[in-house]
Amino acid sequence: MVERTKMGFQDVRDNVLKRIQDRVWAQGDLLPTEQELAEEFGCARATVNRALRELAERGIIDRKRKSGTRVAMLPVKQAKLEITLTRQLVEDRNATYRYALVHRREGPAPGWLASQLQLAPASPVLHVRAMHYGDNQPFQYEDRWINIAAVPKVTEADFSAVGPNEWLLAEVPFSTAELSFGAIAADAELAEYLACPVGAPLFQMERSTWFQAQPVTFVRMSFRPGYQMRSRY
């Protein structure tokens, strides 16, 4: 039995994962119930539920109502994508980071954004565009929309020195994120900001985040030509 110290969901998750990796529970084995695990680990059942939910999302266990939780027969390898500060992306390349605010305006959400985030028509939003540089060379163009109802303090935030990504990660959590990736051709605006020819191929990422079903932000990030994204699994 695990020593009874105050355990968070990460501790429970890691203990369960280690037992699976050590073949204490083999593929297809039925795990103890949430209540049994909570009693063993000396924590709340909700803590166990959160730990098992994360393992299920990673494809390590299968959870089915009325039939219990089993070790997955074919565990799924999933790529790990973290929401990383652009500052960190630049500094990880041993470059000096610089940020510049390009545009800031409050107003009603345009129709496409309301549809994207499932906002009520004309909901108040903050539109921010910004540039990120590495060694004074263009690195990323950020085009972001923030739901003011979800983050009222954003109307008073000063984005002249700190970018909205850094500010949001420090101020508001998110519970759900949706990402999409694609290749685009630079239009005139992107070509100007990213110092590349019109039509140059660019890597673009779009990300929407929600907190407890309330939309927080939608951002479109366009990277300099030649940018590559890496992930581990």
Side-chain angles (χ1 to χ4, degrees), residues 80-182 184 186-195 202-224 227 229 231:
K80 182 179 181 181
L81 296 173
E82 299 179 344
I83 293 186
T84 306
L85 295 176
T86 306
R87 176 191 300 275
Q88 183 178 335
L89 291 176
V90 171
E91 293 177 347
D92 284 348
R93 289 163 170 74
N94 295 316
T96 300
Y97 173 77
R98 182 169 68 83
Y99 157 85
L101 179 65
V102 173
H103 164 92
R104 174 184 180 139
R105 183 180 68 84
E106 294 180 30
W112 68 265
L113 181 67
S115 176
Q116 174 81 18
L117 293 181
Q118 299 180 342
L119 289 168
S123 294
V125 294
L126 176 66
H127 185 202
V128 179
R129 290 182 289 156
M131 271 299 299
H132 304 267
Y133 298 88
D135 288 340
N136 283 323
Q137 297 299 311
F139 181 78
Q140 180 201 98
Y141 178 80
E142 175 182 358
D143 188 0
R144 182 183 295 273
W145 302 78
I146 303 170
N147 178 20
I148 293 176
V151 200
K153 290 194 297 183
V154 75
T155 59
E156 301 174 2
D158 180 7
F159 292 139
S160 60
V162 176
N165 188 29
E166 292 191 43
W167 187 89
L168 283 167
L169 287 176
E171 290 291 331
V172 61
F174 68 92
S175 53
T176 306
E178 180 180 281
L179 297 94
S180 64
F181 310 92
I184 64 165
D187 60 16
E189 182 179 35
L190 287 174
E192 178 182 359
Y193 281 108
L194 293 174
L202 302 175
F203 176 80
Q204 188 175 85
M205 179 193 307
E206 293 183 349
R207 183 173 67 230
S208 304
T209 58
W210 291 263
F211 179 60
Q212 296 179 348
Q214 185 177 37
V216 177
T217 184
F218 169 79
V219 60
R220 181 178 290 122
M221 295 163 283
S222 304
F223 293 82
R224 68 184 182 188
Y227 175 81
M229 186 175 189
S231 181

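Residues: numbered from 1 along the sequence shown. What's counted below: heavy atoms across the whole structure, side chains too, no hydrogens, waters or symmetry copies.
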*Sidechain-backbone polar pair: Tyr99 side chain, Phe159 backbone, donor-acceptor under 3.5 Å*: yes
*asked:* Tell me the closest heavy-atom pair linking Ala150 and Val216, and the distance in Å.
replied: CB-CA, 4.2 Å
_Nearest-0.5 Å distance, CG of residue Asp158 to CD of residue Glu156_ = 11.5 Å
*Taking the side chain from Thr96 and the backbone from Asp135, do they hold a donor-acceptor pair closer than 3.5 Å?*
no
_Working for side-chain contact (heavy atoms from CB on, under 4.5 Å), residues Trp167 and Lys153_ = CA-CA 11 Å; Trp167 187 89; Lys153 290 194 297 183; 4.2 Å; yes
*Given side chains that start at C-beta, do those of Val128 and Leu101 come closer than 4.5 Å, heavy atoms only?*
yes
*What's the spacing between Gln204 CD and Tyr141 OH if we round to 0.5 Å?*
10.5 Å
_Heavy-atom neighbours of Glu91 CD exceed 12 at 6.0 Å_ = yes
*asked:* Is the shortest side-chain heavy-atom distance between Glu106 and Pro124 below 4.5 Å?
replied: no
*asked:* Tell me the closest heavy-atom pair linking Gln116 and Trp210, and the distance in Å.
replied: O-CZ2, 4.3 Å
*How far apart are the C-alpha atoms of Thr209 and Val172, what are their side-chain angles, what is the distance that settles it, and do they pass the side-chain contact (heavy atoms from CB on, under 4.5 Å) test?*
CA-CA 11 Å; Thr209 58; Val172 61; over 6 Å; no
*Starting at CG of Asp143, measure out to NE2 of His103 and round the result to the nearest 0.5 Å.*
8.0 Å
_When you compare the side chain of Asn165 with that of Arg144, does any pair of heavy atoms fall below 4.5 Å?_
yes
*Test side-chain contact (heavy atoms from CB on, under 4.5 Å) applied to His132 and Met221, step by step*: CA-CA 10 Å; His132 304 267; Met221 295 163 283; over 6 Å; no
*From CZ (Arg98) to CD (Gln137), nearest 0.5 Å*: 10.0 Å
_Closest non-hydrogen atom pair, Leu119 against Pro215_ = CD2-CG, 3.5 Å
*Look only at the side chain of Ser115 and the backbone of Trp112, and say whether a donor-acceptor pair between them is shorter than 3.5 Å.*
no
*Could you give the distance from CZ (Arg207) to CD (Glu178), rounded to the nearest 0.5 Å?*
12.0 Å
*asked:* Val125 vs Phe218, test: side-chain contact (heavy atoms from CB on, under 4.5 Å). Steps then yes/no.
replied: CA-CA 10 Å; Val125 294; Phe218 169 79; over 6 Å; no
*asked:* On a heavy-atom basis, which atom in Glu142 and which in Pro164 lie closest, and how many Å separate them?
replied: OE2-CG, 3.3 Å
*Any idea how Phe203 and Phe223 line up, ring-wise: parallel (<30°), tilted (30 to 60°), or perpendicular (>60°)?*
tilted
_So Leu190 and Ile184, do their side chains get closer than 4.5 Å, heavy atoms only?_
yes
*Minimum heavy-atom distance Leu202-Arg224, with the two atoms named*: CD2-C, 4.2 Å
*Looking at CG of Leu117 and CH2 of Trp145, how far apart are the two atoms once the value is rounded to the nearest 0.5 Å?*
10.5 Å
*Please report the closest heavy-atom contact between Ala191 and Ala186, naming both atoms and the distance.*
N-CB, 4.2 Å
